[in-house]
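The shown structure was predicted, so the numbers you read here are calculated from the model rather than taken from an experiment.
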Amino acid sequence: MFLAKIARVSDASSAPHTLDVLVKLVNHSYGEDVHKLLASHSLAPVLHGTKCIEGAPAVIVMEYLQPPSGTSGWVTIHDFARSQGARLHKVAIREGINNILDMLQKNEMFHGDLRANNVMLKVDSAGAPCKTEVGGGACLKVIDFDWAGGSGEVRYPIQRNEKITWPAARGEPIAMGYDCQQVDLWWEDLF
């Protein structure tokens, strides 16, 4: 992964403006449909484009989620949970997680690796979670769609971190409901 800039022109009469983007190279499948679904509901970074060329890694270009630096920014739930006072925001964060899980289930899709380090939380300049405009849950975005898809489409990789408790064995198909199980596995440990 690396940071880059892209130039965008909003219309023919305006000058281009640049956007910071994150570029990810993958040598395997990528859950583009799941990423697009969640991004269309502001639950994942904007996906600016993908490019696959035979014999080369696929290129995924997405919105860069800026870390906090005196203003609002993005942190992983894993990192936020280690901050002082994180438990005060447990309900809002869980509401945001439930919104993501509901969206995936409603569309018969899964993320496959919904650990706390793959969910970004927007925080304000004081480090408190920002809330969504609708519903009041925490403003969250999911990242890392390498194992995302629909039931029967994707399997857990043979090589993965076995120190983590997974809903199914290596090489097994990832199924609907595993995201909920995975969240439940880490939720109580963090909050």
Taking ring-ring contact (aromatic ring centres under 6.0 Å, His included) as the definition, give me every residue that meets it alongside Phe110, ordered by chain and number, with sequence neighbours left out. none
Roughly how far, to the nearest 0.5 Å, is the CG atom of Asp79 from the CG atom of Asn117? 8.5 Å
Can you tell whether the side chains of Asp144 and Lys24 come within less than 4.0 Å, N to carboxylate O? yes
Taking the side chain as every heavy atom from C-beta outward, state whether Leu104 and Val34 have any pair of such atoms under 4.5 Å apart. yes
Counting distance only, does the side-chain N/O of Asp179 pair as donor-acceptor with the main-chain N or O of Gly112 below 3.5 Å? yes
Distance check, rounded to the nearest 0.5 Å: Leu19 atom CG versus His48 atom NE2? 5.5 Å
Side-chain donor/acceptor of Trp186 to backbone N/O of Leu114, under 3.5 Å: yes
Between Gln181 and Pro167, what is the shortest heavy-atom contact and its length? OE1-CB, 3.5 Å
Applying a strict under-4.5 Å side-chain criterion to I, L, V, M, F, W and Y, I'd like to know whether Trp74 and Val123 cluster together. no
4.5 Å side-chain heavy-atom contact, Cys180 and Leu101: yes
Less than 6.0 angstrom from the centroid, inside 45 degrees of the normal: does Arg82 satisfy that with respect to the ring of Phe80? no
Give a yes or no on this: more than 12 heavy atoms of other residues, nucleotides or ligands lie within 6.0 Å of atom CZ of Arg170. no
So do Leu43 and Met103 actually touch side chain to side chain, heavy atoms under 4.5 Å? yes
Connected via hydrophobic side-chain network under 4.5 Å: Met1 and Val61: no
Carefully, step by step, assess Ile164 and Arg115 under the rule side-chain contact (heavy atoms from CB on, under 4.5 Å). CA-CA 10 Å; Ile164 296 169; Arg115 292 178 288 147; 3.1 Å; yes
List the steps and the verdict of side chain to side chain donor-acceptor pair (under 3.5 Å) for His35 and Tyr30. CA-CA 9 Å; His35 189 152; Tyr30 183 79; 2.7 Å; yes
d(Asn99 CG, His41 NE2) to nearest 0.5 Å is 11.0 Å
Are Ile93 and Leu38 connected in a single hydrophobic cluster, I mean Ile/Leu/Val/Met/Phe/Trp/Tyr linked by side-chain heavy atoms less than 4.5 Å apart? yes
Heavy-atom side-chain proximity of Glu95 to Ile97 below 4.5 angstrom: no
Nearest heavy atoms of Ala44 and Glu63, plus distance in Å: O-OE1, 4.3 Å
Tell me, do Met120 and Leu140 make a side-chain contact under 4.5 Å, heavy atoms counted? no
List the atom of Leu121, the atom of Ala138, and the distance in Å for their closest heavy-atom pair. CD1-CB, 3.7 Å
Check the pair Phe145, Ser29 against side-chain contact (heavy atoms from CB on, under 4.5 Å), reporting the backbone distance first and the verdict last. CA-CA 9 Å; Phe145 292 86; Ser29 64; over 6 Å; no
Side chains of Arg155 and Trp147, heavy atoms from C-beta outward: is any pair under 4.5 Å? no
State, to 0.1 Å, how close Pro173 and Tyr178 come at their nearest heavy-atom pair, and which atoms those are. O-CE2, 3.6 Å
Any residue meeting ring-ring contact (aromatic ring centres under 6.0 Å, His included) with Tyr64, in chain and number order, not counting sequence neighbours: none
Applying the 4.5 Å side-chain criterion to the ILVMFWY set and letting contacts propagate, would Val75 and Leu65 be lumped into a single cluster? no
CA sep, side-chain torsions, deciding dist, call: Val23, Val21, side-chain contact (heavy atoms from CB on, under 4.5 Å): CA-CA 6 Å; Val23 179; Val21 294; 4.3 Å; yes
Using side-chain heavy atoms (C-beta onward) and a distance below 4.5 Å, is Ile77 in contact with Phe191? yes
Ala116 to Leu190 - nearest heavy-atom pair and separation: CB-CD1, 3.3 Å
Value for CG (Asn107) from OG (Ser40), rounded to nearest 0.5 Å, stands at 8.0 Å
Decide whether Met62 and Val26 are clustered together by the hydrophobic rule: side chain heavy atoms of Ile, Leu, Val, Met, Phe, Trp, Tyr closer than 4.5 Å, transitively. yes
Sub-3.5 Å donor-acceptor pair from the side chain of Trp166 to the main-chain atoms of Asn161, do we have one? yes
So does Ala169 get a backbone contact from the side chain of Glu172, meaning a donor-acceptor N/O pair under 3.5 Å? no
Indicate the atoms forming the closest heavy-atom contact of Leu47 with Ala39, along with that distance. N-CB, 4.5 Å
Determine whether Ser72 and Lys122 satisfy the following criterion, side-chain contact (heavy atoms from CB on, under 4.5 Å), listing intermediate values before the conclusion. CA-CA 7 Å; Ser72 64; Lys122 188 171 186 179; 3.7 Å; yes
Passes salt bridge (charged side-chain N to carboxylate O under 4.0 Å, His left out), Arg94 versus Asp184? Steps please. CA-CA 10 Å; Arg94 187 58 194 230; Asp184 289 343; 3.2 Å; yes
Side-chain contact test, heavy atoms from C-beta onward, threshold under 4.5 Å: evaluate it for Leu22 versus Leu3 and give yes or no. yes
Would the number of heavy atoms belonging to other residues, nucleotides or ligands and lying under 6.0 Å from CD of Gln159 be above 12? no
